[in-house]
Amino acid sequence: MGGAPADPLQMKSRINIGVVGLGRMGLEYARFFNSRIAGARLVAVSDIRKEIADAAASELGGVKSYTDYRELVADPNVEAVVVMTPTKLHKEVVVTAAAARKAVFCEKPISLGLEDATAMKSAVDSSGAFFQLGFMRRFDPGYAMAKRKVSEGAIGTPCVFKSSSRDKVRPSLDYLRPENSGGLFIDMGIHDFDLARWFFGEVKSVFSVGGVLAYPEMRDIGDPDNSLTNLTFSDGRIGMVSLSRNGVFGYSIQTEIVGTEGTLMVGRERETPLLVMTKDTIAHDTVPGFYERFEASYVIQLQNFVDNVNRGRRPAITCDDGIAAQKIALAATRSWKEGRVVEL
Ligand SMILES: NC(=O)c1ccc[n+]([C@@H]2O[C@H](COP(=O)([O-])OP(=O)(O)OC[C@H]3O[C@@H](n4cnc5c(N)ncnc54)[C@H](O)[C@@H]3O)[C@@H](O)[C@H]2O)c1
């Protein structure tokens, strides 16, 4: 369920946050809570790497450091738990935090498989704990504006959804293994599949093709480095998601919504607002990575989580949203493996 509206008398002005997992994203989130999110106070951090947790606690001042996340969850001062561990550990942390009736924010994807996601949903439902999932693209000013334009009818009736995600270069082989990240369709495609649902509603069937086309060293991993997935929505509209580990020119996220009266294109390929114009060329820089592209969206997303908890509002993105996007990603993976259309 993920949190019914609270009694107005119980509305809070500030919530105490504990962040679990201080890797690429978790440390940045801890810093955001420490300085950029109103109505939140970072009180604890946890990482199995003690030196990382201690360094963060010392940088962030007055924050408790734990190596065992269960101690952070049990800390009576912690009111909300932000889950930033590797995806395969989301379930155990979320289930523990929900059982302790702490509010929970969990990064995408909800989990690697449906079994874990379903267990998370039942833990959240049975405890009544507030739960919000991270799909930061929904908070990106470009995507949020596109959503408004669609609802205002600016492009008539949307009929085709096209979305493309590209890493600049591949992550480590260890990260790429499906048993660690979930593979291309789960780890990377999940954002595009969530957007597909957000803009067009439920997906009826998928058909994926893909291959190891850029990085021969990925052949033993059992996951493609490039893929195309055709989507058919329940109402007959169509879409396509293109995923690539070899953007090369930069980190590139593009979405096109083709409507009966116009088209919306979301995305940018430039980091600095500078064009260098010379005799034969107009040049600009490129977007280095997800952090640079979505820094503002991460902050807006966390502010939304805190505001929803403090004001007793419903979560913006639920377990069900995470499970629905996961089902599309799992079907896309199966379609690629089996070379056939997969119905959801
Ligand atoms: N929305 C986005 O754009 C985006 C981008 C990157 C990652 N993510 C998601 O964020 C999550 C974290 O990804 P990351 O890239 O920061 O991972 P990471 O591997 O860099 O960091 C994970 C951290 O968790 C710690 N950890 C492992 N087990 C733990 C435990 N039991 N208790 C406490 N800490 C533990 C590790 O030591 C590490 O510091 C993943 O779910 C990933 O999918 C989202």
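Along the sequence shown, the residues carry numbers beginning at 1. None of the values given here were measured: they were computed from a predicted structure. Read the numbers this way: they start at 1 and go in the same order the structure lists the ligands and their atoms. Below, all heavy atoms of this structure are taken into account, side chains as well, without hydrogens, waters or symmetry copies.
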task: Just need the protein heavy atom nearest to atom 44 (C) of ligand 1, so name the residue and atom and give the distance.
output: E107 OE1, 3.3 Å
task: Tell me which protein heavy atom sits closest to atom 3 (O) of ligand 1, plus the residue, atom name and distance to 0.1 Å.
output: Y298 OH, 2.6 Å
Nearest non-hydrogen protein atom, atom 19 (O) of ligand 1: P86 CG, 4.3 Å
- prompt: With a 4.0 Å cut-off on heavy atoms, does F290 reach ligand 1?
  reply: yes
query: What residue and heavy atom of the protein are closest to atom 28 (N) of ligand 1, and at what distance?
result: L89 CD1, 3.2 Å
query: Can an N or O of T87 be found at a distance shorter than 3.5 Å from an N or O of ligand 1?
result: yes
- prompt: Is the number of heavy atoms from other residues, nucleotides or ligands under 6.0 Å of K162 NZ greater than 12?
  reply: no
Residue, atom name and distance, where the atom is the protein heavy atom closest to atom 15 (O) of ligand 1: R24 NE, 2.7 Å
message: Does ligand 1 come near enough to Y69 that some N or O of the ligand is less than 3.5 Å from an N or O of the residue?
response: no
task: Heavy-atom contacts with M84 under 4.0 Å: which atoms of ligand 1 show up? List them by number with element.
output: 12 (C), 22 (C)
- prompt: Is D235 atom CG crowded by more than 12 heavy atoms from other residues, nucleotides or ligands, each under 6.0 Å away?
  reply: yes
statement: among protein heavy atoms, the one nearest atom 43 (O) of ligand 1 is K108 O, 2.9 Å
- request: Say whether T67, considering both its backbone and side-chain N or O atoms, lies within less than 3.5 Å of an N or O atom on ligand 1.
  value: no
- prompt: Which bit of V20 gets closer than 4.0 Å to ligand 1, counting heavy atoms only: side chain, backbone, both or neither?
  reply: side chain
- prompt: Got a sec: does the NZ of K91 have more than 12 other heavy atoms crowding it under 6.0 Å?
  reply: no
query: Is R197 paired with D192 through a side-chain N to carboxylate O contact shorter than 4.0 Å?
result: no
field: For atom 23 (C) of ligand 1, the protein heavy atom that lies nearest, with its residue and separation
entry: G23 N, 3.6 Å
message: So, 4.0 Å and heavy atoms of G134: is ligand 1 close enough to count as a contact?
response: no
field: Check: T272 side chain, L274 main-chain N or O, donor-acceptor pair, under 3.5 Å
entry: no
Heavy-atom gap Y175 to ligand 1 smaller than 4.0 Å: no
message: Students often mix this up, so state it plainly: with edges at 30° and 60°, are the rings of F305 and F130 parallel, tilted or perpendicular?
response: tilted
Contact with ligand 1 for H90, non-hydrogen, under 4.0 angstrom: yes
- prompt: What is the nearest protein non-hydrogen atom to atom 6 (C) of ligand 1, stated with its residue, atom name and distance?
  reply: M25 CG, 3.3 Å
- request: State the atoms of ligand 1, each with its element, that fall below the 4.0 Å cut-off from a heavy-atom position in P109.
  value: 43 (O)
query: Any non-hydrogen atom of I48 lying under 4.0 Å from ligand 1?
result: yes
- request: Answer with yes or no whether the side chains of Q132 and Q301 bring together a donor and an acceptor at under 3.5 Å.
  value: no
query: Should the pair R24 and Y175 be classed as cation-pi, given the thresholds of under 6.0 Å to the six-membered ring centre and 45° from the axis?
result: yes
query: Non-hydrogen atoms of S181 versus ligand 1: any pair closer than 4.0 Å?
result: no
task: Please could you name the atoms of ligand 1 that H191 approaches to less than 4.0 Å, counting only its heavy atoms?
output: 1 (N)
